[in-house]
> 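Below is the structure I would like to discuss, written out as structure tokens.
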Amino acid sequence: MGSVRTRIPPSPTGYLHVGNAWAAFFNWLFARRHGGQVVLRIEDTDPARSSPEYERAIYEDLRWLGIDWDEGPDVGGPYGPYRQSQRAHLYREAAEALLRAGAAYRCYCTPEEIEQERQRALAERRPYRYSGRCRARSEAEVRALEREGRRPALRLDVGRFHDPRWVSADGWLQARREDGGDRLYVVVHDLIRGEVAFALDELDDFIVVRSDGTALYNFANVVDDHGMRITHVVRAVEHLSNTPRQVLLYRALGWEPPQFAHLPVLVGPDRKKLSKRHGDTALREYRDELYLPEALRNFFALMAWYPEDGREIFSTEELVQRFDLSQVGRASPVFDRQKLLWMNGEYMRRALREDPDRVVDLVAGYLARQGLLPEQLPPEQRTYVRRVVEVLGERIKEGADVLRYGDFFFLETPRYEPQAVASYLQGEQAAAVLRLAQEVAREVEPFAADTLEAALRRAAAERGLSMRAVVHPVRVALTGKTVGPGLFELMEVLGRERVLRRLEHAVAVGTAAGSAV
RNA sequence: GGCCCCAUCGUCUAGAGGCCUAGGAUACCGCCCUCUCAAGGCGGAGACGGGGAUUCGAAUUCCCCUGGGGCCA
């Protein structure tokens, strides 16, 4: 393949959505696989909903994900501008070219008139298609309409494609024999779906430029993709139905259309297109929850595509080497958060092994967002976080796990779970165990995991207590919960002072809970 | 309403006419390890939407239906 150019066309009307991030990633994979370029185009034609803040957020989120681009509003490039809001003159030029070629005509019908036609068609139970009333207005008529103050929209004259000259081209327009004779089809050669044919007579003269002079999506897209020398348009299937119109536009302008590949749509557990209703859909929410970009990339790759059977974990380099558009699936994948969580756990454990400092920084940032640590960490606090991370270890699969298993490390007094208190802190037996633990904690030297374990085991054995009988109450006393890191490691990190204080406090908690019952 | 796309375990998927007694992963359930949880090991349950046709043989090809999604809006 010569020089592949793909595009990523986000709208700055919100944070980058996981569905768009996924499509962006496939565009990126494909371009990198073929040594091509990625173009970032900001589709900000809706000024009311677009904002520079969102645009910046999109750059940030894409970069965080590990997607880079060769041309775009921020980095420039030879085929700019890369914001649609700055390309109005190019749409105007193309519209004029269409008019000059006789491929489009001015339409003075008002939206109300069109709506009436549509209603009539609906009532008569026949498909609506624009009548073509304005296709051949006389100059006098046009003058009269202009005098009324009407401004024309621009429509593509689809009728002119009913001409055998186009058929001989290169297969994009095909005559197919049907019962009644030949029928013309616009055939889209989709890299994922194969040939998809649309009957030409199903397409009416569609609007290309509104009466206020703004370009319609289909038109702007064609002008941009051609202008930016895009060779492969890789986008969601929802655009497939628009593709024949776009193909017609390319041809009307005398341009060669790019190759198309229509990806399935990411859906939620209810099989509906992924949206805010499904919970976290902004990529940055995953970042904030401690999802790692490499995990997301690996997970993304496994939706609608499998690099090879029998393996799940792939480095991004491997993904780039293997990526093959023709192997991409056609069915809509459900975004499965459970599998993502598992995947993130895999990468989190890897990060812990290979770059623990990175995990420490991530966890510290997470705790700061939770209000449990200051934004700027003094060195000794960072060291503390580091020890906590070591002790929490592979339990951290996402941000919430830091709290689920280790919030007590950062709280003055642990949050005592009522269930845990009821099970392990109430009664004489529990109090006795806590007293015993206090003795041990007061005397053991040094205050370290191995010495603590040895001393506590000895003490338990002397009283004929099982290890379980000792460990559970002490764990609840120190952490407020029944799950978490190894008890002795956790004690060492907490330190003698706090352990003694919490043990003391827990006796009171147990008593209070007991009398409340 | 017309047109277009899609359809294998709950989920991600392997499967390109015989390798399928439908494979893997995740989730779930047991057991093991163990101070709990997590991780890990072992095992279990779990799918070709329905009907026709082609073929010696269909998850795989074709048609219809059903169900989901999208475009025109």
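A, B, ... follow the sequence lines: proteins, then strands. Residue 1 opens every chain. Values below: every heavy atom of this structure, side chains too, minus hydrogens, waters and symmetry copies.
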> What is the distance, to the nearest angstrom, from the CD atom on A:Glu417 to the P atom on B:rC37?
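Checked: the CD to P distance equals 14 Å.
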> Could you list the donor-acceptor pairs under 3.5 angstrom formed by side chains in residues 415-425 of chain A, with sequence neighbours left out?
from	atom 1	to	atom 2	distance (Å)
A:Tyr416	OH	A:Ala477	O	2.7
A:Ser423	OG	A:Gln419	O	2.9

> At under 4.0 Å between heavy atoms, which parts of nucleotides 23-36 of chain B does protein reach? Answer with one letter per nucleotide, 5' to 3': B base, S sugar-phosphate only, - none.
BBBSS-------BB
> Test your reading of the model: is there a side-chain donor-acceptor pair from A:Glu504 to the backbone of A:Arg501, 3.5 Å cut-off?
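Checked: no pair found.
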> In whole Å, I'd like the distance from the CG atom of A:Leu263 to the C1' atom of B:rG69.
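Going from A:Leu263 (CG) to B:rG69 (C1'), I get 15 Å.
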> Using the rule given for ring-ring contact (aromatic ring centres under 6.0 Å, His included), can you reason through A:Phe323 versus A:Trp305, listing the C-alpha separation, both sets of side-chain angles and the distance that settles it, and then say yes or no?
CA-CA 9 Å; A:Phe323 191 68; A:Trp305 178 56; 4.9 Å; yes
> Side chain of A:Val334: nearest nucleotide among B:rU11, B:rC72, B:rA73?
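The answer is B:rU11.
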> For nucleotides 2-4 of chain B, list the nitrogen or oxygen atoms of the protein found under 3.5 Å from its nitrogen or oxygen atoms, one pair per line.
from	atom 1	to	atom 2	distance (Å)
B:rG2	O2'	A:Glu202	OE1	3.1

> Whole angstroms only, please: what is the CZ-C1' distance between A:Phe335 and B:rG69?
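Value for this atom pair: 19 Å.
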> Side chain of A:Arg245 only, heavy atoms from C-beta on: which candidate in B:rU13, B:rA7, B:rC71 is closest?
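So the nucleotide nearest the side chain must be B:rC71.
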> Say you pick atom P in B:rC65 and the same atom in B:rA25; how far apart are they, in whole Å?
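Rounded to whole Å, the distance is 39 Å.
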> Around atom CD of A:Glu354, are there more than 12 heavy atoms of other residues, nucleotides or ligands at under 6.0 Å?
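Result for CD/A:Glu354: enclosed.
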> What is the distance, rounded to the nearest whole Å, between atom CZ of A:Phe219 and atom P of B:rC72?
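Rounded to the whole Å, the gap is 17 Å.
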> Rounded to whole Å, please give me the gap between NE2 in A:His262 and C1' in B:rC71.
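So the NE2-C1' distance, A:His262 to B:rC71, works out to 11 Å.
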> Is the closest basic N to carboxylate O distance between A:Glu317 and A:Arg322 below 4.0 Å?
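Looking at A:Arg322 together with A:Glu317, the answer is no, because their closest N to O distance does not fall below 4.0 Å.
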> Can you check the A:Leu296 CG to B:rC12 P distance for me, whole Å?
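Interatomic distance, CG of A:Leu296 to P of B:rC12: 17 Å.
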> Round to the nearest Å and state the distance from A:Met343 atom CE to B:rU11 atom C1'.
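Spelled out: CE on A:Met343 to C1' on B:rU11 is 13 Å.
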> Could you grab the distance from atom CZ of A:Phe314 to atom CG of A:Leu319, nearest 0.5 Å is fine?
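Going from the CZ atom of A:Phe314 to the CG atom of A:Leu319 covers 7.0 Å.
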> How does protein reach along nucleotides 62-68 of chain B, written 5' to 3' as B (base within reach of a heavy atom under 4.0 Å), S (only sugar-phosphate), or - (no contact)?
-------
> Going by side chain to side chain contact (heavy atoms under 4.5 Å, CB included), name the residues that satisfy it together with A:Arg151, two or more places apart in sequence or in a different chain.
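Partners of A:Arg151 by the side chain to side chain contact (heavy atoms under 4.5 Å, CB included) criterion, ordered by chain and then number, come out as A:Glu146, A:Ser211.
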> Please report the distance separating the P of B:rC71 from the corresponding atom of B:rC56, rounded so that it comes out in whole Å.
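So the two P atoms sit 45 Å from each other.
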> If the P atom of B:rA14 is compared with that of B:rA7, how far apart are they to the nearest Å?
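It works out to 11 Å between them.
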> Suppose we define a pair by two distances each less than 3.5 Å, Watson-Crick or G-U wobble; what does B:rU36 pair with here?
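Base partner found: none.
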> Carefully, step by step, assess A:Thr243 and A:Phe198 under the rule side-chain contact (heavy atoms from CB on, under 4.5 Å).
CA-CA 10 Å; A:Thr243 308; A:Phe198 298 83; 5.6 Å; no
> Students often get this wrong, so: under 4.0 angstrom with heavy atoms, is A:Arg349 touching a base, only sugar-phosphate, or nothing?
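Since only primed, P, OP1 and OP2 atoms lie under 4.0 Å of A:Arg349, the category is sugar-phosphate.
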> In whole angstroms, how far is the C1' atom of B:rC71 from the CD atom of A:Gln246?
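So the two atoms are 12 Å apart, to the nearest Å.
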> Any heavy-atom pair between the side chains of A:Phe206 and A:Tyr130 that's under 4.5 Å?
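Side-chain contact under 4.5 Å: no.
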> Which residue in the set A:Trp28, A:Trp22, A:Phe30 passes ring-ring contact (aromatic ring centres under 6.0 Å, His included) when paired with A:Phe26?
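By the ring-ring contact (aromatic ring centres under 6.0 Å, His included) criterion, A:Phe26 pairs with just one of A:Trp28, A:Trp22, A:Phe30: A:Trp22.
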> Taking B:rC48 as the reference, what is the distance to B:rG23 when you measure between their C1' atoms (whole Å, please)?
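Roughly 13 Å separates the two C1' atoms.
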> Pick the P atom in B:rA47 and in B:rG24, then give their distance to the nearest Å.
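Looking at atom P only, B:rA47 and B:rG24 are 14 Å apart.
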> For a quick check of understanding: with a heavy-atom distance under 4.0 Å over all strands, which category does A:Glu238 fall into, base, sugar-phosphate or nothing?
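Sugar-phosphate, backbone atoms only, no base.
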> In terms of side-chain geometry, is the basic nitrogen of A:Arg458 or A:Glu462 positioned less than 4.0 Å from the acidic oxygen of its partner?
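Salt bridge absent between A:Arg458 and A:Glu462.
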> Give me the distance, rounded to whole Å, that separates B:rG10 from B:rA45 when you measure between the C1' atoms they each carry.
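Their C1' atoms lie roughly 12 Å apart.
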> Are any of the side-chain nitrogens in A:Arg49 or A:Asp46 under 4.0 Å away from the carboxylate oxygens of its partner?
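Yes, A:Arg49 and A:Asp46 are salt-bridged.
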> Does a side chain donor of either A:Gln246 or A:Asn218 reach within less than 3.5 Å of an acceptor in the other side chain?
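Their side chains do contain a donor-acceptor pair, which is all the 3.5 Å distance test asks for.
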> Could A:Arg404 and A:Asp401 be called an ion pair, given the rule that one side-chain N must be under 4.0 Å from one carboxylate O?
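Between A:Asp401 and A:Arg404 there is a salt bridge, with a charged N closer than 4.0 Å to a carboxylate O.
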> Can you give one letter per nucleotide of nucleotides 42-50 of chain B, going 5' to 3': B for a protein heavy atom under 4.0 Å from the base, S for sugar-phosphate only, - for none?
---------
> Say you pick atom P in B:rU26 and the same atom in B:rA38; how far apart are they, in whole Å?
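Rounded to whole Å, the distance is 15 Å.
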> Report yes or no: is the cationic atom of A:Arg176 (NZ for Lys, CZ for Arg) closer than 6.0 Å to the six-membered ring centre of A:Tyr185, at no more than 45° off its axis?
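Because its charged atom sits under 6.0 Å from the ring centre and within 45° of the axis, A:Arg176 does stack over A:Tyr185.
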> On the ring face of A:Tyr384, is A:Arg387 found with NZ or CZ under 6.0 Å from the centre and within 45° of the axis?
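So A:Arg387 doesn't make the cation-pi contact.
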> Between B:rC72, B:rG70, B:rC5, which one does the side chain of A:Val237 approach most closely?
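Closest nucleotide to the A:Val237 side chain: B:rC5.
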> Find which nucleotide of RNA chain B each of A:Pro333 and A:Asn218 is nearest to by heavy atoms, and output the residue with the more 5' nucleotide.
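Of the two residues, A:Pro333 wins.
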> Suppose you measure atom C1' in B:rG30 against the same atom in B:rG70; what distance do you get, rounded to whole Å?
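Roughly 44 Å separates the two C1' atoms.
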